[in-house]
Amino acid sequence: MLDQVEDWLRRRSWSAADRPLPALLEAKRRSGLTVSVVLPALDEEETVGEIVATIRRDLVDAAPLVDELVVVDSGSVDRTAHEAAAAGARVVHRDEILPGLPSEPGKGEVLWRSLLATCGDVVCFIDSDLRSFDAAFVSGIVGPLLTEPDVAFVKAMYDRPFDTETGSIPAGGGRVTELVARPLLNLHWPLLAGFVQPLGGEYAARRSLLERLPFPTGYGVELGLLVDALGLVGLDALAQVDVGVRHHRHQDAQALGRMAATIYRTALERLKAADVDTLLRPELVQFTRTANGFTPSSTEVATVERPPMASLPEYQARAALQAQRRAAGLEVCPHP
Ligand SMILES: O=c1ccn([C@@H]2O[C@H](COP(=O)(O)OP(=O)(O)O[C@H]3O[C@H](CO)[C@@H](O)[C@H](O)[C@H]3O)[C@@H](O)[C@H]2O)c(=O)[nH]1
Ligand SMILES: O=C(O)[C@H](O)COP(=O)(O)O
């Protein structure tokens, strides 16, 4: 791991418990900053209502941390809009925002449009398929933006179990993260190797940063924003906060394959634009939950390649011998 990343992990990784709500409310009052929470939602009638209700109860009614709570409907055909509104969100359909510009499908599109539908100085994105949702997901990642003037972008980190109807596999979730995004980021953008959940949909940022970033319209949006934010404001302006455990609806392998392809393409576009070496650092940093939070461990990515066997003198000599034996009518391959 780069020394810079090790240092960043020490200084820019926090736990939600580090900033209790009363301290956040005081920091918010002093800074005068306002906070918008945005939930992108495509057919999330089962979960969106509970998430909205929890944020409303804990962070609007009980404590005024959130000024604006908006669900941006990404073209749902179920009762998502109804459930979200009934639970207390303002619901905006993606086509109502910038009506002159036809909507592209995808999550990134609604996050981008949401900037025009909200006003907060701090914008906090939360997925709307989360289960057992806790308001600390919001207060945890908004916190550093209220208390640390140098921080501009904060991602949530958490345990990711893989939940099925018959049980749960601890740390079994985040398949695209572990198989695609983390290796890509480690090899090409090693400064971002310290992010425990680079693809997580729960992150908060200053509007002044988000409004200067391009948004890939689909699932490439998280990788794109992270890489581009690094380029624009530098590693020290990025941070992460441990908010516990995240349960969500899992997609099937084919859907994740499409997501992975989109993320890979987003990375390639950025590598092309940056004109950088295609392999920068053959090291992979992975994380395990321990008593002290998330503990990183590094492994070398294998880089040695052997040449084609036919180019070896030993192999060529053996081939010549075999030819002689074949001509003499002897067994060609005498090995057991
Ligand atoms: O066209 C879409 C697709 C999804 N969503 C919403 O976006 C959120 C996340 O989508 P989901 O399909 O649950 O993504 P995951 O399979 O959980 O993918 C993970 O990885 C993605 C790629 O980085 C991130 O966008 C996700 O936030 C992250 O949870 C949910 O609220 C969806 O309703 C939309 O609004 N529009
Ligand atoms: O973030 C990810 O890696 C994908 O959303 C897949 O997550 P899952 O393996 O927990 O379904």
Side-chain angles (χ1 to χ4, degrees), residues 1-6 106 160-162 164 166-167 169-199 216 218-224 226-228 230-231 250-289 294-336:
M1 191 180 354
L2 293 169
D3 290 349
Q4 211 177 329
V5 174
E6 228 174 299
R160 292 191 66 163
F162 187 82
T164 68
T166 51
I169 305 169
R175 291 163 289 169
V176 179
T177 304
E178 301 305 333
L179 299 178
V180 178
R182 197 183 304 291
L184 263 176
L185 289 170
N186 272 259
L187 267 60
H188 299 299
W189 292 277
L191 281 176
L192 295 175
F195 276 96
V196 174
Q197 292 299 337
L199 293 191
Y219 284 123
V221 65
E222 277 75 30
L223 183 129
L226 203 54
V227 166
D228 294 342
L230 174 72
H250 300 285
Q251 302 201 54
D252 66 31
Q254 288 214 342
L256 293 187
R258 292 190 289 276
M259 177 190 288
T262 306
I263 290 168
Y264 185 56
R265 193 210 66 91
T266 306
L268 285 183
E269 288 299 319
R270 278 151 181 79
L271 287 171
K272 217 163 55 187
D275 198 20
V276 289
D277 203 346
T278 48
L279 182 79
L280 292 180
R281 194 179 167 81
E283 187 191 16
L284 181 66
V285 180
Q286 295 166 304
F287 292 89
T288 313
R289 167 73 84 185
F294 288 95
T295 302
S297 59
S298 299
T299 45
E300 204 179 310
V301 176
T303 52
V304 177
E305 288 198 25
R306 297 299 194 189
M309 188 54 89
S311 68
L312 258 66
E314 291 86 342
Y315 195 77
Q316 290 161 6
R318 195 188 72 161
L321 188 66
Q322 284 177 323
Q324 282 172 13
R325 292 178 67 88
R326 192 176 294 112
L330 298 171
E331 195 186 342
V332 173
C333 202
H335 304 300

Quiz item: Can you check whether Val285's main-chain N or O pairs, donor with acceptor, with Asn186's side chain at less than 3.5 Å?
Solution: yes
Practice problem: Calculate, to the nearest 0.5 Å, the distance between atoms CZ and OG1 belonging to Arg281 and Thr303 respectively. | Solution: 12.5 Å
Quiz item: Checking side-chain contact (heavy atoms from CB on, under 4.5 Å) against Leu223, which of Val227, Leu226, Val221 comes through?
Solution: Val227
Practice problem: Keeping the roles fixed (side chain from Arg182, backbone from Val176), state whether a donor-acceptor pair exists under 3.5 Å. | Solution: no
Practice problem: Report yes if some heavy atom in the side chain of Pro296 is under 4.5 Å from a heavy atom in the side chain of Gln286; otherwise report no. | Solution: no
Quiz item: Would you say the side chain of Pro190 lies within less than 4.5 Å of the side chain of Val5, judging by non-hydrogen atoms?
Solution: no
Quiz item: Once you round to the nearest 0.5 Å, how far does CZ of Phe195 lie from CH2 of Trp189?
Solution: 14.0 Å
Quiz prompt | Sub-4.5 Å side-chain heavy-atom contact between Thr177 and Gln197 | solution = yes
Practice problem: Could you check Glu283 against Ser298 for side chain to side chain donor-acceptor pair (under 3.5 Å), going step by step and ending with a plain yes or no? | Solution: CA-CA 7 Å; Glu283 187 191 16; Ser298 299; 3.1 Å; yes
Quiz item: Taking only residues two or more places apart in sequence, or in another chain, which ones meet Arg160 in a salt bridge (Lys or Arg N to Asp or Glu O under 4.0 Å)?
Solution: none
Exercise. Give the C-alpha distance, both sets of side-chain angles, the deciding distance and a yes or no for side-chain contact (heavy atoms from CB on, under 4.5 Å) between Arg270 and His188.
Key: CA-CA 10 Å; Arg270 278 151 181 79; His188 299 299; over 6 Å; no
Self-check item: Heavy-atom closest contact (Pro183 atom, Leu284 atom, distance)
Solution: CA-CD1, 3.9 Å
Quiz item: If you take all heavy atoms of Gly224 and Pro216, which pair is closest and at what distance?
Solution: CA-CG, 4.4 Å
Could you tabulate the donor-acceptor pairs under 3.5 Å formed by side-chain atoms of residues 306-315, not counting sequence neighbours?
unit_1, atom_1, unit_2, atom_2, d
Ser311, OG, Pro308, O, 2.7

Donor-acceptor pairs under 3.5 angstrom involving side-chain atoms of residues 251-266: please list them, not counting sequence neighbours.
unit_1, atom_1, unit_2, atom_2, d
Gln251, NE2, Tyr219, OH, 3.3
Asp252, OD1, Gln254, N, 3.2
Asp252, OD1, Ala255, N, 2.9
Thr262, OG1, Arg258, O, 2.9
Arg265, NH1, Glu269, OE2, 3.4
Thr266, OG1, Thr262, O, 2.7

Quiz item: Under 4.5 Å between any side-chain heavy atoms of Gln4 and Leu191, yes or no?
Solution: yes
Exercise. Check the pair Arg175, Phe162 against side-chain contact (heavy atoms from CB on, under 4.5 Å), reporting the backbone distance first and the verdict last.
Key: CA-CA 9 Å; Arg175 291 163 289 169; Phe162 187 82; 3.4 Å; yes
Quiz item: Counting N and O atoms only, with roles assigned by atom type, does the side chain of Arg325 sit under 3.5 Å from a partner on the main chain of Glu331, one being a donor and the other an acceptor?
Solution: yes
Practice problem: Return the minimal non-hydrogen interatomic distance between Pro161 and His250, and the atom names on each side. | Solution: O-CE1, 3.7 Å
